[in-house]
Amino acid sequence: VEQGCLSIVVLGASGDLAKKKTFPALYHLFEQGFIQSGDVHIFGYARSNLSDEGLRERIRGYLKGASEEHLSEFLQLIKYVSGSYDSGEGFDKLNKEISEYEMSNNSGSSRRLFYLALPPSVYPSVCKMIRTYCMNPTSRTGWTRVIVEKPFGKDLDSAEELSSQLGELFEEDQLYRIDHYLGKELVQNLLVLRFANRLFLPLWNRDNVDNIQIVFREDFGTDGRGGYFDQYGIIRDIIQNHLLQVFCLVAMEKPVSLKPEHIRDEKVKVLQSVNPIKDEEVVLGQYQGYKDDPTVPDDSNTPTFASIVLRVHNERWEGVPFILKAGKALNSRKAEIRVQFKDVPGDIFRCKKQGRNEFVIRLQPSEAMYMKLTVKKPGLEMATEQSELDLSYGMRYQNVKIPEAYERLILDTIRGDQQHFVRRDELKAAWQIFTPLLHDIDAGKLKTVPYQPGSRGPKEADELSEKVGYMQTHGYIWIPPTLA
Ligand code: BG6
């Protein structure tokens with residue numbers, strides 16, 4: 001990491017995201033020495049009237065288990081500035097605080113990172129304020145970068161409007177659109193897996209792959225976020241961003257190099273190759289009890305579950321369904337990619353239908369990759385059974401701590417690496433895929449079906465997967481190995 005004076009400004013410092021994700025990520029970067037006292041100052045900005053100590057105490061509450069020595073040193077780096085999100089006064093004050101710190105540091109540099117842990121409705125005004133009052137002075141070397149969080153709009157038009165508003169204020173290389181799924185270890189591994197293994201190269205296509213599922217499940221509901229969630233629904237909350245980013249990395253062509261722009265070019269290309277979604281390849285669900293939340297309207301049609309088939313119109317994938325499925329209040333919490341291969345032609349083990357080969361990448365929890373194989377059942381009989389080659393990270397990498405997504409992404413921003421951030425044209429292509437469907441749902445043309453909380457979701461979703469070709473292996477279950 002380049003050295004010099006770094007100011008990290010967390011806007012919306014007293015909000016949930018900042019407390020749960022941003023500050024803890026900064027702490028962990030500090031703990032590991034990626035940001036250091038003397039080099040870095042952290043500024044919390046929000047409307048509430050808080051003292052420095054007040055903010056520090058709040059953050060402390062989210063860092064249980066941290067070493068006291070590190071923690072108190074870290075907290076001393078944090079200052080609080082209060083102000084509104086649309087008036088010059090607060091930002092002028094913020095700028096003075098940052099400048100004062102920069103003057104006291106004799107490195108001659110000024111690196112300013114603004115993290116907008118705020119609702120997107122205030123992005124335009126906040127960015128305008130930053131642009132007007134808080135840019136890094138040209139007399140010093142350095143930069144100003146802005147991290148923004150989803151939702152980036154609600155559909156194609158609103159996203160484009162937001163993009164142009166921000167685009168007038170900042171260059172694309174100053175804007176970091178975060179999608180925290182891109183910071184997950186096994187998502188980052190996809191590129192290596194696909195393009196550094198001879199084994200996969202010839203198999204990863206329509207000749208061998210029957211279908212691919214990208215699945216996100218949560219075993220809790222919208223718990224107190226009903227008001228926000230109801231405006232967006234599961235497609236905008238999870239599928240259009242997190243699952244679609246994973247889809248890009250699974251489906252895209254090999255990039256020219258590892259340069260962020262080369263990778264993002266390929267992501268855009270595969271998104272642009274996605275066919276319009278067909279109504280009959282969509283299942284929407286809403287868990288029973290969702291509308292008990294007083295902030296959710298009684299007639300809400302917002303999906304808390306969706307299964308959507310994407311079809312890629314290109315040489316590699318024509319005819320292969322990509323099933324993107326996400327749901328809240330289901331029976332388990334996990335996220336995984338499941339690549340199911342076609343049946344073996346000319347099967348000679350006819351006595352029993354063989355299960356298909358499947359390559360599963362478990363993104364979370366218990367990161368793992370396993371490959372379902374058919375093997376001879378050990379013993380005297382000549383019988384076959386399903387087993388697996390298993391790479392479970394907990395077993396294989398016993399002393400490695402897998403970093404939090406936010407930690408890496410903030411570090412990338414400090415390093416100026418945009419590979420794991422969403423580019424403007426990528427965002428546009430992502431919205432193009434889902435906007436017609438979202439408009440139909442909003443207009444009530446497509447209805448959600450109810451499902452039991454704690455279940456697998458609507459049975460129609462399993463039927464859809466089966467209809468497009470997914471074959472479940474009955475009687476086989478992968479049990480994550482545990483350390484003895
Ligand atoms: C967020 C969504 O982006 O991702 C939440 O808004 C969801 O609804 C969360 O719970 C899931 O993230 P993770 O990292 O826990 O899988």
Side-chain angles (χ1 to χ4, degrees), residues 12 15-25 28 62 115-121 123 147-154 159 176-190 213-247 249 284-287 290 293 295-296 300 302-306 324-337 361-368 393 401-410 420-422 427 430-431 434 438 453-454 457:
D16 243 30
L17 176 70
K19 283 185 300 196
K20 289 189 186 151
K21 299 288 185 191
T22 323
F23 285 116
H28 289 120
Y62 284 86
Y115 192 113
L116 272 52
L118 291 168
S121 53
Y123 288 175
I147 302 183
V148 284
E149 277 274 349
K150 70 145 213 287
F152 310 115
K154 287 196 75 178
Y176 287 71
R177 295 180 197 84
I178 225 170
D179 182 313
H180 78 283
Y181 266 61
L182 291 176
K184 293 190 188 272
E185 181 67 37
L186 264 64
V187 175
Q188 299 205 340
N189 195 14
L190 282 168
Q213 297 194 57
I214 302 173
V215 180
F216 166 97
R217 303 168 165 274
E218 259 176 2
D219 55 1
F220 49 90
T222 51
D223 296 354
R225 287 170 82 223
Y228 149 81
F229 190 87
D230 200 67
Q231 305 277 313
Y232 291 90
I234 198 80
I235 300 176
R236 294 183 178 96
D237 192 47
I238 305 285
I239 299 182
Q240 181 267 354
N241 33 68
H242 304 327
L243 298 195
L244 197 66
Q245 284 298 323
V246 173
F247 158 83
L249 295 168
L284 304 172
Q286 189 187 73
Y287 68 86
Y290 167 70
D293 182 329
T295 56
V296 173
S300 166
T302 300
T304 59
F305 175 101
L324 271 54
K325 183 156 61 173
K328 299 235 168 215
L330 296 178
N331 56 351
S332 59
R333 176 179 172 261
K334 64 180 182 190
E336 62 189 18
I337 305 163
I361 302 166
R362 166 73 68 90
L363 305 178
Q364 66 185 33
S366 315
E367 290 88 346
Y393 276 45
K401 183 183 157 288
I402 295 184
E404 257 283 314
Y406 278 94
E407 241 170 274
R408 301 183 206 254
L409 296 175
I410 293 175
H420 303 295
F421 293 83
V422 181
L427 180 66
W431 278 116
F434 290 101
L438 288 165

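No hydrogens, no waters, no symmetry mates; every other heavy atom, side chains included, goes into these values. Just follow the structure's listing: the first ligand is 1, and inside any ligand the first atom is 1.
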Subject >> Under-4.0 Å salt bridge between R408 and E185 >> reply: yes
Original post:
Applying a heavy-atom distance cut-off of 4.0 Å, which protein residues contact ligand 1?
Top reply: K150, H180, Y181, K184, F216, E218, R225, D237, I238, H242, K328, R333, Q364
**OP:** Give a yes or no answer on whether the side chain of T304 reaches the backbone of K328 with a donor-acceptor pair at less than 3.5 Å.
**Re:** no
Subject >> Close side-chain approach of L409 to Y176, heavy-atom, < 4.5 Å >> reply: no
Original post:
Can a salt bridge be assigned to the pair D237 and K150 using a cut-off of 4.0 Å between side-chain N and carboxylate O?
Top reply: yes
Subject >> 4.5 Å side-chain heavy-atom contact, Y181 and L249 >> reply: no
**OP:** Describe, in one word, how the ring planes of Y115 and Y406 are oriented to each other, choosing from parallel (under 30°), tilted (30 to 60°) and perpendicular (over 60°).
**Re:** tilted
